[in-house]
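Here is the structure we will look at, set down as structure tokens.
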Amino acid sequence: MRGTRAVIDLAAIRANYRYACELAPAARTMPVIKANAYGHGMLEVANALAPLAPALAVAILEEAVSLREAGVTSPVLVLEGVHDAAGFAEARVRDLTVMLHDAEQISALAASGVPVKAWIKLDTGMHRLGFPAADAGRVVDDLTHRGLLVDKPVLCTHLACADEPGNTHTRAQLRAFAAATRGLDLPRSISNSAAILAWPESHADWNRAGYMLYGDSPLPGGHPAGEPLRPAMRFEAELIALREIAAGESVGYGARWTAEQPAVIGTVAVGYGDGYPRHAPDGTPVFVNGRIAPLAGVVSMDMITIDLTGHDDVSVGDTVELWGDRLPIQKVAAAVGTIGYELMTRVSERVPKLYLNG
Ligand SMILES: *Cc1c(COP(=O)(O)O)cnc(C)c1O
């Protein structure tokens, strides 16, 4: 078998979840397992966390339905909500909680003829989804008087810049949310991972922890609150060939990388078909036998090439770590010009997952 795989440590995910809870002891912390648990496998992560967590969150109805079909009975929040009467009917049958963020959804909810469990999203400055924050009281009254809610709703907002400690936009969003929800006797939810780590003043009745569960901090540059997090995914592949090339020879498609001196090139069995980013530049780090080696040449669909000049201890069959415990995903993401969220989420179906500590 090809050695390309994602090794997922469920104990790390549980430990990271417990850490998110410890950082906000007064809050209930909801694991966010959308997008296949950020590439880690939604059902496996749901089963690992359901016994510890008061509820789970996904982005879309289809994800929530797969949880239910797999027998997950925890409360489940659908963060983007549903958009038509059939969606509300399905949410009701599956006992899901849906996010309400605009008037069209409320019309569809009324048309579905059944009340639902809902959270209400308020726009405090991200301007992506949410009722104008100042309308909070009016929206709650309207839903309550029309009998459209099963339970008390949670009032929710999402922060645009929580990954920048001290950011003034975040301060303004927190003030706007406090002003809009003042006097309403309802639970509140503000924090994502970055806010759980860096904005204790944002911790509320419910926190929504996504990325940090998977073992990296969304805060760039090693914020101390992120240090206890344990990487949950080791993305690895096998070194399948080694060759010596002369100075002036080039490697891979487009001959992008050229040896300035005699070089040793290793070919590794992972490519963009596995979710390794095709736009990774030369120099993107990989980890082999205790050392970092740089990418050398364009990423192919099924292979990458790395510069192993001076690595005397490597041989065909060795395991290469693309990211994981020894090579933080944040370093790879920085080299590639993206964020760890995108790298982990894109690991493709072709890559088998091996679960530890299930
Ligand atoms: C994805 C998402 C989260 C989790 O964000 P992280 O940065 O991964 O912790 C929280 N809230 C909402 C509304 C989301 O869509």
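One is the number of the first residue; the rest follow in order along the sequence. All ligand and atom numbering here is 1-based and tracks the order in the structure. Side-chain atoms are counted along with the backbone in the values below, which use heavy atoms only and exclude waters and symmetry mates.
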(message) What I want to know is whether R128 and ligand 1 share at least one N or O pair that is separated by under 3.5 angstrom.
(response)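 No, R128 has no N/O under 3.5 Å of an N/O on ligand 1.
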
(message) For ligand 1, which is the ligand I care about here, please tell me if G210 has any N or O atom under 3.5 Å from one of the ligand's N or O atoms.
(response)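 By distance alone, the answer is yes.
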
(message) Give me the nearest non-hydrogen protein atom to atom 7 (O) of ligand 1 as residue plus atom name, then the distance to 0.1 Å.
(response)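 That would be Y341 OH, 2.6 Å.
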
(message) To check your reading of the model: name the closest protein heavy atom to atom 9 (O) of ligand 1, its residue, and the distance in Å.
(response)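 For atom 9 (O) of ligand 1, the nearest protein heavy atom is S193 OG, 2.5 Å.
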
(request) Report, as yes or no, whether the 6.0 Å neighbourhood of atom CD on E260 holds more than 12 heavy atoms from other residues, nucleotides or ligands. (result)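 12 or below, so no.
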
(request) Report yes or no: does N207 contribute a side-chain atom to a donor-acceptor pair with the main-chain N or O of A24 at less than 3.5 Å? (result)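 It does not hold such a pair.
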
Under 4.0 Å from a heavy atom of [X]: give me the atoms of ligand 1 that qualify, with their elements.
{"X": "L79", "value": "12 (C), 13 (C), 14 (C), 15 (O)"}
{"X": "Y211", "value": "6 (P), 8 (O), 9 (O)"}
{"X": "Y38", "value": "1 (C), 4 (C), 5 (O), 6 (P), 8 (O)"}
{"X": "R208", "value": "9 (O), 10 (C), 11 (N), 12 (C), 13 (C)"}

(request) Looking only at non-hydrogen atoms, find the nearest pair between A162 and T170 and report the distance. (result)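 It is N-OG1, 3.8 Å.
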
(request) Measure across R188 and D205 and return the closest heavy-atom pair with its distance rounded to 0.1 Å. (result)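 Looks like N-OD2, 2.8 Å.
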
(message) Would K121 count as a contact residue for ligand 1, given that I'm defining contact as a non-hydrogen atom of the residue lying under 4.0 Å from a ligand atom?
(response)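 It does; at least one heavy atom falls under 4.0 Å.
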
(request) Is it possible for you to say whether F177 and L186 belong to one hydrophobic cluster, with membership spreading through side-chain heavy-atom contacts below 4.5 Å? (result)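 The answer is yes; both residues are in one hydrophobic cluster.
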
(request) On the 0 to 90° scale, with breaks at 30° and 60°, tag the Y341-Y211 ring pair as parallel, tilted or perpendicular. (result)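 Rings of Y341 and Y211: parallel, under 30°.
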
(request) Look at the rings of W323 and Y276 and say which category their plane angle falls in: under 30° parallel, 30 to 60° tilted, over 60° perpendicular. (result)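 W323 and Y276: parallel rings.
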
(request) For the pair H40 and N36, evaluate side chain to side chain donor-acceptor pair (under 3.5 Å) and give the outcome as yes or no after the intermediate values. (result) CA-CA 6 Å; H40 293 68; N36 202 24; over 6 Å; no

(message) As a check for students: among H158, M212, M99, identify the option with a heavy atom nearest to atom 12 (C) of ligand 1.
(response)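 Among H158, M212, M99, the closest heavy atom to atom 12 (C) of ligand 1 comes from H158.
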
(request) Measure from atom 15 (O) of ligand 1 to every heavy atom in K34, M126, H101 and give the option owning the shortest one. (result)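 Among K34, M126, H101, the closest heavy atom to atom 15 (O) of ligand 1 belongs to K34.
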
